[in-house]
There are 2 protein chains.
Amino acid sequence: MNKAFCINEDRVADVRKLMKSDKIMNDLAATFKALGDLTRSKIVFALSKKVLCVGEIAALLNISQSAVSHQLRVLRDMKLVRSRKEGQVTYYSLDDIHINFLLKECFRHVME
Amino acid sequence: MNKAFCINEDRVADVRKLMKSDKIMNDLAATFKALGDLTRSKIVFALSKKVLCVGEIAALLNISQSAVSHQLRVLRDMKLVRSRKEGQVTYYSLDDIHINFLLKECFRHVME
DNA sequence: TTATCATATGAACATATACTCATATATAAC
DNA sequence: GTTATATATGAGTATATGTTCATATGATAA
């Protein structure tokens with residue numbers, strides 16, 4: 001990790017000035033990480049199509065209710081989904097419209 | 001995982017029809033996962049500002065050359081960054097413009 | 001050739017994580 | 001009250017992952 005000759009200090013300094021705070025970068029990475037699991041990305045995609053309760057998500061993805069609940073917690077913590085309780089049933093939906101845009105942009109990358 | 005009363009079969013069937021293939025969903029999740037690490041998201045963000053060689057990235061983020069190389073491989077595999085070799089020096093840049101949009105959308109979500 | 005520089009990579013290790021299982025909580029019906 | 005339903009959660013476990021260290025590869029210079 002010694003300073004190498006190939007390093008242009010000015011260029012590095014330029015970029016360093018533009019870097020966001022560690023808190024913001026942490027949140028950014030954590031948001032991507034929350035979406036970076038097959039089960040969770042399927043849940044988020046499904047919720048981008050329709051509001052669903054926990055049992056419906058489990059049935060749709062053919063996984064256990066417990067697994068769904070655990071993953072919904074991760075998504076809730078990152079404010080990617082929100083819940084609304086009606087009696088015994090808890091319905092989940094995307095937290096905001098940006099999540100939809102995020103999905104769409106990523107699909108665009110994957111498709112090309 | 002028995003069928004629960006709360007499940008509306010028609011609603012579940014509707015969403016199931018809209019679900020993408022496992023291959024596509026896998027690629028989607030893998031792309032998010034590649035961005036879902038603090039080191040890698042910092043690298044991608046830096047590259048969205050300027051083309052940089054491996055040593056410059058290591059200097060900028062204050063981490064070892066080896067760690068950077070390992071993470072660049074992950075990003076290359078997911079086609080998030082591309083490399084161009086000039087003599088001994090390898091310069092990295094974002095692979096396509098969608099990556100920039102992805103970053104921007106995620107920042108929007110994190111900022112609000 | 002030999003030496004140096006820039007980068008890549010394999011192995012090892014410590015941490016993180018996604019699931020299962022069992023159980024807790026909360027609501028509704030009886 | 002009891003029972004059933006829907007969801008949440010803690011513990012345990014097997015797998016995945018990010019780093020370090022050592023070394024390999026490849027290019028340039030002497």
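Just so it is clear: chains get the letters A, B, ... in the order the sequence lines come, proteins before strands, and each one is counted from 1.
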**Report entry** Side chain proximity check, K79(A) to D96(A), heavy atoms < 4.5 angstrom
**Finding:**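 Sidechains of D96(A) and K79(A): no contact.
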Requested in this report: For the residue pair F101(B) and H109(A), establish whether any side-chain heavy-atom pair is separated by less than 4.5 Å.
Outcome: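 They are not in side-chain contact.
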Report summary line: Each nucleotide of nucleotides 22-30 of chain C classed B (base within 4.0 Å of a protein heavy atom), S (only sugar-phosphate) or -, in 5' to 3' order, makes B---SBS--
Nearest to the side chain of [X], which nucleotide is it out of [options]?
X      : options                 : answer
S64(B) : dT7(C), dT20(D), dA6(D) : dT20(D)
Q71(A) : dA6(C), dT9(D), dC19(C) : dC19(C)
V54(B) : dA8(D), dA6(D), dA8(C)  : dA8(C)
K33(B) : dT7(C), dT9(D), dT17(D) : dT17(D)

Query raised in the report: Touch check for Y92(B), heavy atoms < 4.0 angstrom, all strands: base, sugar-phosphate only, or nothing?
Result: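 Answer is sugar-phosphate: Y92(B) comes under 4.0 Å of backbone atoms only.
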Report task. Report which part of the nucleic acid T90(A) touches: base, sugar-phosphate, or nothing (heavy-atom distance under 4.0 Å, all strands). Result ->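 The residue T90(A) makes sugar-phosphate contact but no base contact.
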Specify the closest pair of heavy atoms between [X] and [Y], including all atoms of both residues, with the distance to one decimal.
X       : Y      : result
A67(A)  : S64(A) : N-OG, 3.0 Å
M111(B) : K20(A) : CE-NZ, 4.3 Å
L72(A)  : V81(A) : O-CG2, 4.1 Å

Would you mind reading off the distance between [X] atom [atom1] and [N] atom [atom2], rounded to a whole angstrom?
X      : N       : atom1 : atom2 : answer
F5(A)  : dA29(D) : CZ    : P     : 13 Å
F32(A) : dT17(D) : CZ    : C1'   : 19 Å
L61(A) : dC19(C) : CG    : C1'   : 14 Å
R73(B) : dT19(D) : CZ    : C1'   : 16 Å
L38(B) : dA16(C) : CG    : P     : 14 Å
I43(A) : dA8(D)  : CD1   : P     : 11 Å
L72(B) : dA8(C)  : CG    : P     : 7 Å
Y91(A) : dA8(D)  : OH    : P     : 13 Å

Report task. Starting from the 5' end of DNA chain C, give me the residue, C6(A) or V74(A), whose nearest nucleotide shows up first. Result ->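 The residue closer to the strand's 5' end, by nearest nucleotide, is C6(A).
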Indicate every side-chain donor-acceptor pair of residues 45-54 of chain A with a distance under 3.5 Å to a residue at least two apart or in another chain.
| residue | atom | partner | partner atom | Å |
| --- | --- | --- | --- | --- |
| S48(A) | OG | F45(A) | O | 2.5 |

**Report entry** Contacts of type side chain to side chain contact (heavy atoms under 4.5 Å, CB included), residue R82(B), not counting sequence neighbours
**Finding:**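 Counting only residues at least two positions away or on another chain, R82(B) forms a side chain to side chain contact (heavy atoms under 4.5 Å, CB included) with S93(B), D95(B).
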**Report entry** Qualifying residues under side chain to side chain contact (heavy atoms under 4.5 Å, CB included), relative to R108(A), sequence neighbours excluded
**Finding:**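 If we apply the side chain to side chain contact (heavy atoms under 4.5 Å, CB included) test to R108(A), skipping adjacent residues, the hits are E105(A), H98(B).
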Report task. Report yes if at least one side-chain N or O of R40(A) is closer than 4.0 Å to OP1 or OP2 of dA18(C); otherwise report no. Result ->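 Yes, within the criterion.
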Query raised in the report: If you round to the nearest 0.5 Å, how far is CD1 of I63(B) from CD1 of I57(B)?
Result: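 Nearest 0.5 Å value for the CD1-CD1 distance: 8.5 Å.
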**Report entry** Five-pair end axes of the helix from dT1(C)-dA30(D) to dC30(C)-dG1(D) and the angle they enclose, rounded to 10°
**Finding:**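 Between the axes fitted at each end of the helix from dT1(C)-dA30(D) to dC30(C)-dG1(D) lies an angle of 20°.
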Atom pairs and distances, donor-acceptor, side-chain atoms in residues 21-38 of chain A, under 3.5 Å, two or more places apart:
| residue | atom | partner | partner atom | Å |
| --- | --- | --- | --- | --- |
| S21(A) | OG | I24(A) | N | 3.2 |
| D22(A) | OD1 | K42(B) | NZ | 3.4 |
| K23(A) | NZ | D27(A) | OD2 | 2.6 |
| N26(A) | ND2 | D22(A) | O | 3.4 |
| T31(A) | OG1 | D27(A) | O | 2.8 |
| D37(A) | OD2 | T39(A) | N | 3.1 |
| D37(A) | OD2 | R40(A) | N | 3.0 |

Query raised in the report: Is H70(A) stacked on the base of dT9(D), with ring centres under 5.5 Å apart and planes under 30° apart?
Result: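 Check passed, H70(A) stacks on base of dT9(D).
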